[in-house]
Amino acid sequence: MLNIVLFGPPGAGKGTQSEKIIASYGLTHLSTGDLFRKHLGEGTDLGNLAKKYMDEGHLVPDEVVIQMVEHKINTTEESKGFIFDGFPRTTAQAEALDVMLGKHGMKISGMIALDVPQDILKERIKERGKTSGRADDQDEEKINTRIKVYLAETLPVAAYYEKQGKFKNINGVGKIEEIFDEISSVINSY
């Protein structure tokens, strides 16, 4: 089973590349953002709690995220694997993910990180905000907070996977197809 962590800061292009990977490799998309929206839309306790943190530009607590992720894995049948889009976001989540996957006889095949400079990230997020309907994509202060949180709390996850020999950095600036070709060459090496 192929399980890939697609990694990068907000606005790096994870969603765009995830779609292409799913179409090419038949993986199941596992995005915490999608899980949050599902729970928010259904008005679940987990969804309401996640919304509080997201609205403030902060990360959702690990316990909430892991519960959502495990539920998705448990309710997905006959998958060729998963693409983890924007998750794990902390080293603690990466460790918890490894433990949880191990319980199911699974493991992470590799992490592919999209590297994009901050000025381009901000432009992309603001542009996405014009159509996403997400208030945090349109607020300069919240965008800056999300990038700072990523650098402080999320970036160390790359080192976690690098120690396992599972990390590959990809230039996330350029034509979508060219970036995807680089990603595919990494996936094909697993």
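Source: prediction; values computed, not measured.
A 6.0 Å sphere centred on CZ of Arg124 holds more than 12 heavy atoms belonging to other residues, nucleotides or ligands. Annotation for Asn74: atom CG counts as buried by contact number, over 12 foreign heavy atoms lying within 6.0 Å.
A 4.5 Å side-chain heavy-atom check between His58 and Lys52 finds every atom pair outside the cut-off. Put simply, the side chain of Ile21 reaches to within 4.5 Å of the side chain of Phe180, judged on heavy atoms. A heavy-atom distance below 4.5 Å is found between the side chains of Lys72 and Thr28. Residues Met106 and Ile73 meet the side-chain proximity criterion, which asks for heavy atoms closer than 4.5 Å. Inter-residue side-chain proximity for Leu30 and Leu35 is flagged as met; some heavy-atom pair is nearer than 4.5 Å. At least one side-chain heavy atom of Ile147 sits less than 4.5 Å from a side-chain heavy atom of Lys122.
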Check: Checking side chain to side chain contact (heavy atoms under 4.5 Å, CB included) for the pair Leu46/Val64: CA distance, chi angles, key distance, verdict?
Finding: CA-CA 6 Å; Leu46 288 174; Val64 176; 3.7 Å; yes
Margin query: Evaluate Thr145 against Asp139 for side chain to side chain contact (heavy atoms under 4.5 Å, CB included), listing each step before the verdict.
Written below: CA-CA 10 Å; Thr145 297; Asp139 183 304; over 6 Å; no
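With hydrogens and angles ignored, the 3.5 Å screen pairs a side-chain donor or acceptor of Thr131 with a backbone N or O of Arg128. Judged by distance alone, with hydrogens and angles left aside, the side-chain atoms of Ser79 form no donor-acceptor pair with the main-chain N or O of Thr76 at under 3.5 Å. Although no hydrogens or angles enter the test, the distance criterion places a donor-acceptor pair under 3.5 Å between the side chain of Asn3 and the main chain of Lys107.
Taking a cutoff of 4.0 Å between a charged side-chain nitrogen and a carboxylate oxygen, Glu123 and Lys126 do not qualify as a salt bridge. Taking the charged nitrogens against the carboxylate oxygens, Asp34 and Arg37 do have a contact shorter than 4.0 Å, which makes a salt bridge.
Using a 30° and 60° split on the angle between ring planes, His71 and His39 fall in the perpendicular class, above 60°.
Note on Ile176: it does not cluster hydrophobically with Leu121, by side-chain heavy-atom contacts below 4.5 Å among ILVMFWY residues. If you chain together hydrophobic residues whose side chains sit under 4.5 Å apart, Tyr160 and Tyr190 never meet in one group. Residues Val186 and Met111 do not share a hydrophobic cluster, defined by chaining ILVMFWY side chains whose heavy atoms lie under 4.5 Å apart. With hydrophobic clusters built from ILVMFWY side chains whose heavy atoms lie under 4.5 angstrom apart, Tyr53 shares a cluster with Met68. Linking ILVMFWY side-chain heavy atoms closer than 4.5 Å, directly or via other members, places Ile170 and Tyr150 in two distinct hydrophobic clusters.
For the pair Lys166 and Tyr161, the cation-pi test (distance below 6.0 Å, angle within 45°) is failed.
Note that CD1 of Ile4 is 8.5 Å distant from CG of Leu6, once rounded to the nearest 0.5 Å. Note that CD of Gln118 is 12.0 Å distant from CD1 of Ile143, once rounded to the nearest 0.5 Å. A distance of 12.5 Å separates CZ of Phe82 from CZ of Phe87, quoted to the nearest 0.5 Å. Between atom OH of residue Tyr25 and atom CG of residue Leu2 there is a gap of 8.5 Å, rounded to the nearest 0.5 Å. Distance check: Ile112 CD1 to Ser185 OG gives 8.5 Å after rounding to the nearest 0.5 Å. Atom CE of Met1 and atom CG of Leu27 lie 9.5 Å apart (nearest 0.5 Å).
Of all the heavy atoms in Pro117 and Val173, the pair that sits closest is CD-CG2, 3.6 Å. Smallest separation of non-hydrogen atoms from Gly11 and Ile125: CA-CG1, 3.8 Å. Residue Gly47 comes nearest to Leu40 through the heavy atom pair O-CD2, 2.7 Å, listed as atom of the first residue, atom of the second, then distance. Residues Pro88 and Leu97 share a closest heavy-atom pair of CD-CD2, 3.9 Å.
Put simply, the residue from Lys142, Arg146, Glu140 that forms a side-chain contact (heavy atoms from CB on, under 4.5 Å) with Asn144 is Glu140. Test His29, Lys14, Gln17 against Asp85 for side-chain hydrogen bond (donor to acceptor under 3.5 Å, both in side chains) and you get one pass: His29.
Checking Glu70 against His104 by side-chain atom types alone, a donor-acceptor pair falls below 3.5 Å. Gln164 and Asp98 share a donor-acceptor pair across their side chains, judged by distance under 3.5 Å alone.
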